[in-house]
Amino acid sequence: MYQIGYLLPEVDEYVINSAKTNLNQVQHLNGTFLTHFKGSLSKSGSKRMAKNMLMVSSIILGSTVVGELLIFAQVPLVNVVLVYMLGIMLCAINLKDQVYGFLSAFLAVISFNLFFTKPYFSLSSSPVYLLTFFLMLLVSIISNYWTLKLKHQVQYNSNRVYQTEVLLETIRKLQQAKLSTDIIDTTVQQLQKIYSATMVFYECQDSKLLQPKIYLLNQSQSSFYEFSSDNEKAIATWAFKNGQEAGLTTNTLPQAKCLYLPIFGNSPSSVVAVIGLAINSKRSLEIFDRNLIISILDECGQALSRMRILNEKRKAEIKSHQEKLRANLLRGISHDLRTPLTNISGSADILKREGNKLSDVEKYTLYESIFNDSSWLISLVENLLAMTRLESSLQVRHSPELVDDIIQESLQHLSPGFEDHKITVNLSDPLLMVMADAHLITQVIINIVNNAIQHTPEKTKISIRIFQKNTNQVQFEISNNGPKLTNGDLAHLFGLFYTGKQKQPLRAQRGLGIGLSLCKSIIEAYDGNIWAKNLNNGVCFYFTLPIWSKKNEK
């Protein structure tokens, strides 16, 4: 073994001890006869055999008693034969083995000879009854055979119906699953309906098995580490790489705790996961159960493959959307940044060349123009950074944030001109907290308040109200008593690059139309809602965020 490892270092080595085989394997190889023989010799098998023998004897004895009653009532002897036939069929219905059917038929013939033919209580009989005995035995055996066959057929049909129901239920649940974890949980739940045992599930990613998910069944927590040991992981890895069964009850690494089965995806060569079944030594895995398990695993593999394709498609769509957004932003920025930059450059050039000749009023006008344009650029950059931060990741950060801190931070970063408006804050609870990213929510409030500042006259009132809407949400309301919005504005207010249809803004503004669109993206990323509506006097913006609680944080 050392020489092989030295000469072939790139080849994986597995030591397979096939010298020892457990009794279940020997039974599986030698067939059902050895299984029945061993079961008969065991303690439980002896009890079962004694119970079956007692049942056969009781039925035949009962048939004899009924026959005696019929003879006492002077009923023809042929009816006694029918009573024994009925007893034989009862034995066939209640017992599964053909042996007991033959035994019941034999005992019925012997009893009929002893108790109903002369000389009574003797095995000797008139030759006239020999044909009767033969036909009775033959008909008994045939009726017993067909009764057992019909019973087995009914059982087979019942199993097929059950298999179909489980498969249909599995397919329906897998189609409703939205995440790979839902697919895995559903698969294990369905499998444990068929075979109650601890199961270990290894999902595959980037051609490697991830950490296992262990579904314990009537085991202590210490068993968790046994099923997740390095040896078990190595066996699961072997089954994954080779696409073959390994572990318990197989010839490959049979000392494992579980039987590891590969789960195939869209093609027989692509293994998408591995599942381990901790098979109970007292209950072997029957062929019917095994076939049903394989069918469910096939459905699981198909569902995992579809989920992977869907995730890849979703990632491609997100990437395409991001590229389209970047292209639109670059177009908008290249067009709309030219004006403020030109103003800043021109005003600075005038101050540089003609500063000594300008009056204080003219200088103040140029300073104010530079300050306003630079403030607009800072606001634009903040929005672009927030949008980049939001678009670069599929998930936003959730952390407990104090609403009061968010409001105070937002009021310190408003656009020039906020001092000409009366801004009030009404917070229902100073300790109210939300689960969100403080920086992103601050940007939402800044954008909405700045929008009100830019589109309302001076001395307009801007009111910010925050309260707990229900047990799960906090509602923000930012209202003003300025002019109302048109129906067209309300319909497209949160659209990207929508700048409104006002012909003459109340203040000189420029905008790319990304502020309110960014607000919508941020709020919806937290499963909240954002909307606006006209009031009797003014406009109000509403949005909701998840409230913080110990349960939500967990």
Side-chain angles (χ1 to χ4, degrees), residues 10-14 16 167 170-171 173-192 194-195 197-217 223-250 252-254 256-279 285 290-319 394-395:
E10 72 281 0
V11 177
D12 294 334
E13 301 173 13
Y14 297 91
I16 301 174
L167 283 176
T170 303
I171 294 173
K173 290 185 175 181
L174 291 179
Q175 288 177 347
Q176 294 175 353
K178 297 181 179 180
L179 300 173
S180 59
T181 54
D182 297 335
I183 295 176
I184 295 172
D185 294 340
T186 298
T187 300
V188 174
Q189 290 173 4
Q190 296 298 102
L191 291 178
Q192 287 182 337
I194 302 167
Y195 191 89
T198 294
M199 297 187 183
V200 185
F201 200 102
Y202 289 86
E203 191 176 2
C204 168
Q205 185 175 2
D206 298 330
S207 300
K208 293 190 300 184
L209 294 182
L210 302 179
Q211 290 298 318
K213 293 185 66 176
I214 301 176
Y215 299 82
L216 293 176
L217 185 70
S223 302
F224 179 89
Y225 302 101
E226 296 179 3
F227 291 111
S228 60
S229 64
D230 292 338
N231 291 334
E232 297 296 313
K233 292 180 181 178
I235 299 172
T237 302
W238 188 94
F240 169 71
K241 290 183 177 180
N242 294 273
Q244 299 178 6
E245 301 175 7
L248 191 63
T249 72
T250 69
T252 305
L253 308 170
K257 295 286 183 182
C258 300
L259 167 63
Y260 291 95
L261 302 173
I263 301 176
F264 297 95
N266 293 328
S267 63
S269 60
S270 63
V271 180
V272 296
V274 173
I275 191 170
L277 281 69
I279 296 178
L285 189 61
R290 180 185 178 85
N291 293 337
L292 186 53
I293 288 174
I294 296 299
S295 300
I296 292 178
L297 293 182
D298 288 341
E299 295 296 333
C300 174
Q302 295 293 328
L304 288 175
S305 297
R306 289 195 300 269
M307 186 63 64
R308 288 186 179 183
I309 295 174
L310 183 62
N311 289 335
E312 292 175 358
K313 182 179 179 181
R314 186 181 296 114
K315 290 180 181 179
E317 290 177 351
I318 292 174
K319 185 176 180 180
L394 299 179
Q395 294 182 346

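Residues passing the salt bridge (charged side-chain N to carboxylate O under 4.0 Å, His left out) test with Lys233, sequence neighbours excluded: none.
Here CD1 of Ile294 is found 9.0 Å from CD1 of Ile263. Values are rounded to the nearest 0.5 Å. Taking CD1 of Ile184 as the reference point, atom CG of Leu174 lies at 11.0 Å (rounded to 0.5 Å). Expressed to the nearest 0.5 Å, how far CE of Met307 lies from SG of Cys300 amounts to 10.5 Å. Between the CG atom in Asn231 and the CG atom in Leu253 there is a gap of 9.5 Å [rounded to 0.5 Å].
Arg308 and Asn311 share no donor-acceptor pair across their side chains, judged by distance under 3.5 Å alone. At a cut-off of 3.5 Å, with distance as the only test, a side-chain donor of Glu232 or Tyr260 sits close to an acceptor on the other residue. Under the 3.5 Å distance criterion, with hydrogens and angles disregarded, a donor-acceptor pair is assigned to the side chains of Gln190 and Thr170.
Scanning both residues, Pro212 and Val200, for their nearest heavy atoms gives CB-CG1, 3.6 Å. Across Tyr195 and Ile293, no two heavy atoms sit closer than the pair CB-CD1, 4.4 Å.
Here the side chain of Gln192 pairs a donor or acceptor atom with the backbone of Ala197 at under 3.5 angstrom.
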*Going through the distances and angles, do Glu245 and Thr250 end up as a side-chain hydrogen bond (donor to acceptor under 3.5 Å, both in side chains)?*
CA-CA 7 Å; Glu245 301 175 7; Thr250 69; over 6 Å; no
